[in-house]
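In what follows, a structure is listed as structure tokens, so that the remarks can point back to it.
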Amino acid sequence: MSRFISTVKTAMWLDYQIASNWTKPLTFFTYNIAKPVGASLLLLAMYYVVTGKIVGSMALSFIYIGNAFYMILGQVMMDLGWLVHEDREHYQTLKYIMISPSSYYSYLIGRSAARFLLSIFPAIFLLLLGFIIHIPYNFNYPLLLFTILFGWIFMVSAGMLLNTITLLTARYGGSIGETFAGIFYLLSGVIFPLSVLPSFLTKFALFLPSTYWFSLIRRSVLGMETDPVLSQLSLQSTLILFAITTAYFITLSLSFYFSMDYLARRRGALEMITTY
Amino acid sequence: MYAIEVRNLWRTFKTRDGVVEALRDVNLKIKKGELFGLLGPNGAGKTTLIRILTTLLLPTKGEAYVWGYSTATEERKIRPIINMVSGGEYSGYGLLTVKENLWMFSQFYGIPGKVAKRRIEYLARRLKFEDILNKKVRNLSTGQRQKMNVARAFLTDPKVIFLDEPTLGLDVEVARVIRDFVKEWLLENDERTVLLTTHYMHEAEELCDRIAIINEGRIIALDTSDNLKKLVSREFSLVLRIHPKINISWINKIEGVQKYLTREEENGLRVRIIMSREESIADVVDGIIKHGAKISYLKKEEPTLEDVFLKLTGRGLE
């Protein structure tokens, strides 16, 4: 257990160093916030162009909050997409991490935890910015804290799934990360309510933990769920469904991890240098 | 129980051009406390064997054991007691300092912070890189980076260490520091075991208790350096430098010429001939002159491991 904690802590530290070491801490934190905030402001601008207003509607609150918290998920997915490739080909350290007694899984948990924590800052900044555009906040702080913490568990397992796939691929790491992020963006009720999706996609979305995570985020920040499909569920049901879907996501990612680890050892992919 | 045991090991790779047999029926037994060398040219299968023994690659057929544990199914028991160094690569996080890189890897082995710090300082002193501990890895020279990587592997105090061409591309001084360190490290504990792969014969001769010669995936000889050289004890080597380049395939027809190896040099050839008759030296010299070339260097040498390799395979190590 102590080795697990030590590995997670060290991997978090490493991830922070890799993300921030290129500049001074203040510049890094400004950049870390400015990038996702810029994307959200762009969304607001588009909303203004289409509707002619910038404050007051529930649709805007739905989009704004979904988008603010999607930054966490999207950032974790996209950054994790490159992690295996970077360690294997750029830093050439993957094999040395792999032959260490620490589980690579614990290393990935640490790396994704750091990205997750770094992504929370822009979300907080966007929440504060929300006061300016009159987002009707009705915070349920314990629920928000719970949702964020359990969201991390879900994102770690999704990140694991992503990384275990990239163990076997040579060049599509970034694209796989973006694909994962895109699927969650489209199907989890981030800015599109589930009711606008074709019915088979709505059914598929109900199997994703991210769907319930975003619903819980809205319930804890806005005090209600405005999505026509998800608003039919009580808070308790949403929590249970989130827990169940997260549990099977973890199971899925663990089984994928062990299968892909075996396949990577069989194919000799752990040291693959393609210079791509 | 052996430190390393390999039984009927095969490893094939499927490529677009077909199936490549990287290891073919390899058998090895390496005792605890031994510094065992694997000598062979590039592509002989040395690194593939190391990858299997370090649990990074599964064998196609056969079994491999480290400290009695199967590399295929008991990798979790093997990993805490092994480590490895590979030569000719640029591994490490360039944004971190040498000390930070080493500390980070120590944490993956669960080494307490204070112990790790003490070991890093000790290894930096022994490997002579104290002056670069706070330098970012991206600013290191090849030799400095390799010293750091050697320290990374020894930092965890492994029972079995795999050194895969550890001095490849290093200057003489850095290579000597690493070789001296490995020798001293082994002496500190009876059970520490080293598997060294190299294609530098002098390195294998200097360091190894026993040497296996590997070629095209097969172990073709295995013994101490002295015993291996006995395979060519009745022969000697004739080393010549001739210019311009000429075709010397006729040399094979001279009585007493066993094998020969040529290497192109500027404006000429370096030729190494294994011979069994001193009287035939004159025939070789005459033949070269008759074919219109001049001899700028000629030396009769005692047989080396390279001659053993040449005799066994008909090719050179480099």
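Both backbone and side-chain heavy atoms feed into the values below; hydrogens, waters and symmetry mates do not.
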TODO: Could you check which of A/Glu271, A/His90, A/Glu86, A/Gln17 has the highest count of heavy-atom pairs closer than 4.5 Å to chain B?
DONE: A/Glu271
TODO: Between chain B and each of A/Pro101, A/Ser102, A/Ser100, count heavy-atom pairs under 4.5 Å; write down the option with the most.
DONE: A/Pro101
Open item on the list: Within residues 22-30 of chain A, which residues come under 4.5 Å of chain B, heavy atom to heavy atom?
Closed with: none
Task: Winner by heavy-atom pair count (cut-off under 4.5 Å) against chain A, out of B/Leu96, B/Ile82, B/Thr54 - done: B/Leu96
Open item on the list: I'd like to know if B/Asp157 pairs up with B/Arg192 as an ion pair, taking the criterion as any Lys NZ or Arg NE/NH1/NH2 lying under 4.0 Å from an Asp or Glu carboxylate oxygen.
Closed with: yes
Open item on the list: If the contact rule is any heavy atom under 4.5 Å from chain A, which residues of residues 63-74 of chain B qualify, in numerical order?
Closed with: B/Thr71, B/Ala72
- [ ] Against chain B, label A/Leu94 side chain, backbone, both or neither, depending on which of its atoms sit under 4.5 Å from a heavy atom there.
- [x] neither
Open item on the list: For chain A, which candidate among B/Arg76, B/Lys14, B/Glu75 shows the most heavy-atom pairs at distances under 4.5 Å?
Closed with: B/Glu75
Open item on the list: Between A/Ile99 and chain B, with a heavy-atom cut-off of 4.5 Å, which part of the residue counts as in contact: side chain, backbone, both or neither?
Closed with: both
Open item on the list: Between the side chains of B/Arg126 and B/Glu188, is the shortest nitrogen-to-carboxylate-oxygen separation below 4.0 Å, so that they form an ion pair?
Closed with: yes
TODO: Establish, from distance only, whether the side-chain atoms of B/Thr97 and B/Asn134 form a donor-acceptor pair under 3.5 Å.
DONE: no
Task: Set of side-chain contact (heavy atoms from CB on, under 4.5 Å) partners for A/Ser103, sequence neighbours left out - done: A/Tyr105, A/Ser106, A/Tyr257
Open item on the list: Using the ring pair (Phe, Tyr, Trp, His ring centres under 6.0 Å) definition, which of the options A/Tyr70, A/Phe154, A/Phe69 pairs with A/Phe184?
Closed with: A/Phe154
- [ ] Consider only side-chain N and O atoms of A/Lys95 and B/Ser86, and report whether a donor and an acceptor are under 3.5 Å apart.
- [x] yes
Open item on the list: If we count only N and O atoms by modelled type, under 3.5 Å, do the side chains of B/Tyr109 and B/Asn83 hold a donor and an acceptor together?
Closed with: yes
Task: Interface moiety of A/Phe4 toward chain B, non-hydrogen atoms closer than 4.5 Å - done: neither
Task: Side chain / backbone / both / neither for A/Ile5 at chain B, heavy atoms under 4.5 Å - done: neither
Task: Most contacts with chain A, counted as non-hydrogen pairs under 4.5 angstrom, among B/Gly94, B/Gly110, B/Ser91 - done: B/Ser91
- [ ] Check step by step if side-chain contact (heavy atoms from CB on, under 4.5 Å) holds for A/Val8 and A/Trp13.
- [x] CA-CA 9 Å; A/Val8 170; A/Trp13 170 83; over 6 Å; no
Task: Those residues that, when tested against A/Tyr96, pass ring pair (Phe, Tyr, Trp, His ring centres under 6.0 Å) (two or more places apart) - done: none
Task: Parallel, tilted or perpendicular: ring planes of A/Trp152 versus A/Phe116, cut at 30 and 60 degrees - done: tilted
- [ ] For the residue pair B/Phe108 and B/Phe105, categorise the inter-ring angle as parallel (less than 30°), tilted (30 to 60°) or perpendicular (more than 60°).
- [x] perpendicular
Open item on the list: Both conditions, 6.0 Å and 45 degrees, for the charged tip of B/Arg118 above the ring of B/Tyr122: are they met here?
Closed with: no
